[in-house]
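Protein chains get the first letters and strands the later ones, always in sequence-line order, with residue 1 at the start of each.
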Number of protein chains: 2
Amino acid sequence: MKKPTTIHDIARKANVSSATVSRVLSNSDYPVSKALQEKIRRIAAEMNYIPNLLGKQLKKNVSMTIGVIVPSIINPFYSSVVFGIEEIARENHYTVVTCNSLQDPTLEDEYIRTIMEKQIKGLIISSISKDKSLLKNSIQMGLNVIAIDQTIEEEGVSQIKFDYRKGGYMATKHLLSKGHSRIGYVTSRLDRPSRQSICQGYLYAMKEAKLEPIVEESKSEELYNAVFDFDTGKKLANKLLAAPDRPTAIFACNDMMAFGVINELSQQGVKVPEDISVMGFDGIDFGLMIHPPLTTIKQPDYDMGKLACRLLLDKINGEDSPTFDVMLQPKLLERNSVLPISERV
Amino acid sequence: MKKPTTIHDIARKANVSSATVSRVLSNSDYPVSKALQEKIRRIAAEMNYIPNLLGKQLKKNVSMTIGVIVPSIINPFYSSVVFGIEEIARENHYTVVTCNSLQDPTLEDEYIRTIMEKQIKGLIISSISKDKSLLKNSIQMGLNVIAIDQTIEEEGVSQIKFDYRKGGYMATKHLLSKGHSRIGYVTSRLDRPSRQSICQGYLYAMKEAKLEPIVEESKSEELYNAVFDFDTGKKLANKLLAAPDRPTAIFACNDMMAFGVINELSQQGVKVPEDISVMGFDGIDFGLMIHPPLTTIKQPDYDMGKLACRLLLDKINGEDSPTFDVMLQPKLLERNSVLPISERV
DNA sequence: TTGTATGCGTTATCAC
DNA sequence: GTGATAACGCATACAA
């Protein structure tokens, strides 16, 4: 393991100054004679030169890296987002540092600190912590931030929002349009604005239709975990089934819970959608793979990641960095877990 | 956006040398008087000091970062692996750069190059490319590499292997033990050693039982994609159904394909497991969420990630870095998609 | 115990 | 066109 070649090594071998080598190998537009260019490139290749970005970055005060903080990439929604981010980052020669916050504010701050120390200038974050003081401070120090999924009411933070409320409204309206009137809503703990918004959409649609809302909220607050949501869906479905006046349709706050609902219903001999219709929320691919394929609201995860990264890079590179909000629109994915009330058996 | 404070700024304000500041703030064991320590720490805090790791890393020639290259974190198997890696990395104050190679050798090399340039000393990789010359070269330059999932026959590369062959064998034996004799095997393109090994395990078990193997291989070679595997499963299941002598059990090379198989069977009115039993391979959580819950072979994804990262960090930090192989063992996850032939209806 | 000075690998500002 | 040299922020060998 010999130590790596530097521009100085190349300079010595080529009988030129390291300045010239730098100018050539960093593709600067500074004029260097064709002859020297070729010579230097040849020698660099011969010597297996690998530029040390640490040096370059220290000098130029950039890191060509962006940070991403999400609750957990185990969650297919976030893994799609990160996948989209990474794609755009790669196209622009940026690398991505992925951080799983596990919805732990302490971890979140730890990551932000590391990101700042590593001189990373851009961050895409789905933040969960209440105390945004470190984030705020970091922004003042020059960090460019795009918030996804979770709203951050902080000056200078651009948002990629998703119209959760409309999504909740659309889902409920869809169920209503199929003739359902006893529509249950199952949701994980209503402590995040996104969850609250979906619920508001549901409530609003029900109110509009002059119907009684039926909300089952899970009070537990475990760390983010797919199987946990699934189990929650099962539990809440159970509650709904036990009620004197069973709903004819159940709307779940995310797909994973909807899977749990469907599973529990099937297990209890309740047919989906013949007996009870089920709607999800997220539009992850697995919805296609279960039986029946899940009717759901599509949240554009992958595209959200791509967009977030594009906007972040613009912000990092742009002289003017206006703060902006983007509101992505929900889309109904009509599959087979919802049946018109008229066709119920 | 004022420019960040350095140890020099602090030194000036504290009327000490920057060396002393460095010694205090980097928690060096170099002796500094209690009084000065406190003074320096206080001023550092007042000035909102954030150490610039670029400087530190350039000086010490470390980067406290590891790289991870996997085909795609969209794949739940890999997202679990990466999640495990990230957990151990965090505990050790390392950050993780995540790269999705999309099974594209060009991209893979591009990432390796970037990793070297960023002075990253450790890499966990599921490599797909045939030409390992760049990787080999990087190892000689001091890169520590742990190969997961895909074997890399290169000197100095430690492997976290998984006994695919035994997994394939165990799955088939399980089916055999339930009395099945017409057992079909559906697999994506047999161009990766892991896929071949599973198939070999299947073939060996069949041969041992003196039974005729039935292998359906997909010839298409799309980029890694969950829905694609699902569709492949559907297609291959179809072929198997069309055969004159239908199998009573189908073993799929991964869970996603097994979902496709189950879906197609259900759609064609074939009941799982009453009419045909289905086995998967991977043990991803979603297997729990479908109906019937998928009997499968567990590949310890999350633990594999944790182990890989632990071994990598040992290797980076250890004076002696012996090359080693770890062979993780498959585990049967018995759920409800397999029925003894005697109980078939 | 503290300070001075040098260098990590690179780019940028000069001068030639 | 090219070269010498000074930064970038930090850690450390050496001096004091």
Side-chain angles (χ1 to χ4, degrees), chain A residues 2-41 43-44 47-65 114 116-121 141-142, chain B residues 2-41 43-44 47-64 113-114 116-121 141-142:
Chain A
K2 54 183 187 294
K3 72 196 239 294
T5 27
T6 70
I7 51 172
H8 299 292
D9 301 328
I10 298 173
R12 208 171 311 122
K13 200 150 191 172
N15 279 315
V16 295
S17 75
S18 56
T20 307
V21 176
S22 170
R23 298 198 257 255
V24 173
L25 296 181
S26 64
N27 297 311
S28 140
D29 48 6
Y30 206 94
V32 177
S33 73
K34 262 271 184 286
L36 265 191
Q37 290 212 21
E38 278 167 27
K39 183 176 180 186
I40 288 170
R41 279 189 212 286
I43 294 180
M47 298 182 76
N48 242 308
Y49 172 67
I50 297 170
N52 183 330
L53 290 188
L54 257 36
K56 178 188 191 132
Q57 290 167 356
L58 175 60
K59 179 69 185 170
K60 303 188 79 169
N61 191 30
V62 291
S63 68
M64 295 304 279
T65 303
T114 304
M116 291 305 288
E117 293 183 351
K118 285 193 181 267
Q119 308 303 114
I120 293 174
K121 306 298 183 202
M141 304 288 291
Chain B
K2 55 183 188 291
K3 73 196 239 294
T5 29
T6 71
I7 50 173
H8 299 292
D9 301 329
I10 298 173
R12 208 170 312 124
K13 200 151 193 172
N15 279 317
V16 295
S17 76
S18 57
T20 306
V21 177
S22 169
R23 296 197 259 254
V24 172
L25 297 182
S26 65
N27 296 312
S28 140
D29 49 6
Y30 204 94
V32 176
S33 71
K34 262 271 185 288
L36 267 191
Q37 290 211 24
E38 277 166 27
K39 183 176 182 186
I40 288 171
R41 279 189 211 287
I43 293 181
M47 298 183 77
N48 241 307
Y49 172 67
I50 296 170
N52 182 331
L53 289 189
L54 257 35
K56 179 187 194 131
Q57 291 168 355
L58 176 61
K59 177 72 186 165
K60 304 188 79 171
N61 192 28
V62 294
S63 67
M64 295 304 278
R113 195 160 289 119
T114 304
M116 291 304 289
E117 294 182 352
K118 286 195 181 262
Q119 307 304 111
I120 293 174
K121 305 300 184 203
M141 305 288 290

(message) Let's go through A:N52 and B:Q119 carefully: what are the C-alpha distance in whole Å and the side-chain angles of both, what is the deciding distance for side chain to side chain contact (heavy atoms under 4.5 Å, CB included) to 0.1 Å, and is it a yes or a no?
(response) CA-CA 7 Å; A:N52 183 330; B:Q119 307 304 111; 3.4 Å; yes
Students should find that the end-to-end axis angle of the helix from C:dT1-D:dA16 to C:dC16-D:dG1, with five pairs defining each axis and rounding to 10 degrees, is 50°
With the side chain defined as heavy atoms from C-beta on, A:L58 is closest, among D:dC10, C:dT11, D:dC8, to D:dC8
### Query
Does the side chain to side chain contact (heavy atoms under 4.5 Å, CB included) test come out yes or no for B:V24 and B:V16, once each step is laid out?
CA-CA 11 Å; B:V24 172; B:V16 295; over 6 Å; no
Whether A:S33 contacts D:dT2 is assessed here as follows: a side-chain N or O lying under 4.0 Å from the phosphate OP1 or OP2. Is that the case? yes
Flag if over 12 foreign heavy atoms under 6.0 Å of NZ, B:K13: no
Out of D:dC10, D:dT2, C:dT4, minimum distance to the side chain of B:T6 belongs to D:dC10
When rounded to whole Å, the CE to P distance for the pair B:M64 and D:dA11 reads 13 Å
Scanning both residues in full, the closest heavy-atom pair of B:K118 with A:M64 reads NZ-O, 3.5 Å
Rounded to whole Å, the CD1-C1' distance (B:I10 to D:dG9) equals 11 Å
Closest to the side chain of A:Y49, out of C:dT10, D:dG3, C:dG3, is C:dT10
| message | What's A:N15 touching, base or sugar-phosphate or nothing? Going by heavy atoms closer than 4.0 Å. | response | sugar-phosphate
From CD1 of A:I50 across to C1' of C:dT10 the rounded distance in Å is 16 Å
Regarding the side chain of B:K59, the nearest nucleotide among C:dC8, C:dT2, C:dG9 is C:dC8
Separation of C:dG9 atom C1' from B:N61 atom CG, nearest Å, is 10 Å
For a quick check of understanding: with a heavy-atom distance under 4.0 Å over all strands, which category does A:L36 fall into, base, sugar-phosphate or nothing? sugar-phosphate
base_contact_polar (D:dG1 base, A:R23 side chain, donor-acceptor, <3.5 Å) = no
Atom CZ of A:R12 and atom C1' of D:dA4 are separated, to the nearest Å, by 16 Å
- prompt: Would you say D:dG3 has OP1 or OP2 under 4.0 Å from some side-chain N or O of A:T20?
  reply: yes
From CD1 of A:I7 across to C1' of D:dA4 the rounded distance in Å is 13 Å
Heavy atoms only, 4.0 Å cut-off, all strands: where does B:S26 land among base, sugar-phosphate and nothing? sugar-phosphate
Using only side-chain N and O atoms of B:S22, determine if any of them is under 4.0 Å from OP1 or OP2 of D:dC10.
no
Tightest non-hydrogen contact, residues B:V32 and B:R23, listed as CG2-CB, 4.1 Å
When every non-hydrogen atom of B:Y49 is compared with those of B:T5, the smallest separation belongs to CD1-O, 3.3 Å
*Do the side chain of A:Y30 and the base of C:dT11 come within less than 3.5 angstrom through a donor-acceptor pair of N or O atoms?*
no
Against the side chain of A:N52, the closest entry in C:dA5, C:dT10, D:dC10 is C:dT10
Report task. For C:dT11, take OP1 and OP2 only and decide whether either is under 4.0 Å from a side-chain N or O of A:K56. Result -> yes
query = So do the side chains of A:I7 and A:S22 get within less than 4.5 Å of each other, counting heavy atoms only?
reply = yes
In short, A:S63 meets A:I120 closest at the heavy-atom pair OG-CA, 3.4 Å
note: A:L53, atom CG; D:dC8, atom C1'; distance rounded to Å ~ 15 Å
The answer to which of A:A19 and B:S18 contacts DNA chain C further toward the 5' end, by nearest nucleotide, is B:S18
Rounded to whole Å, CD1 of B:I40 lies from C1' of C:dT1 at a distance of 12 Å
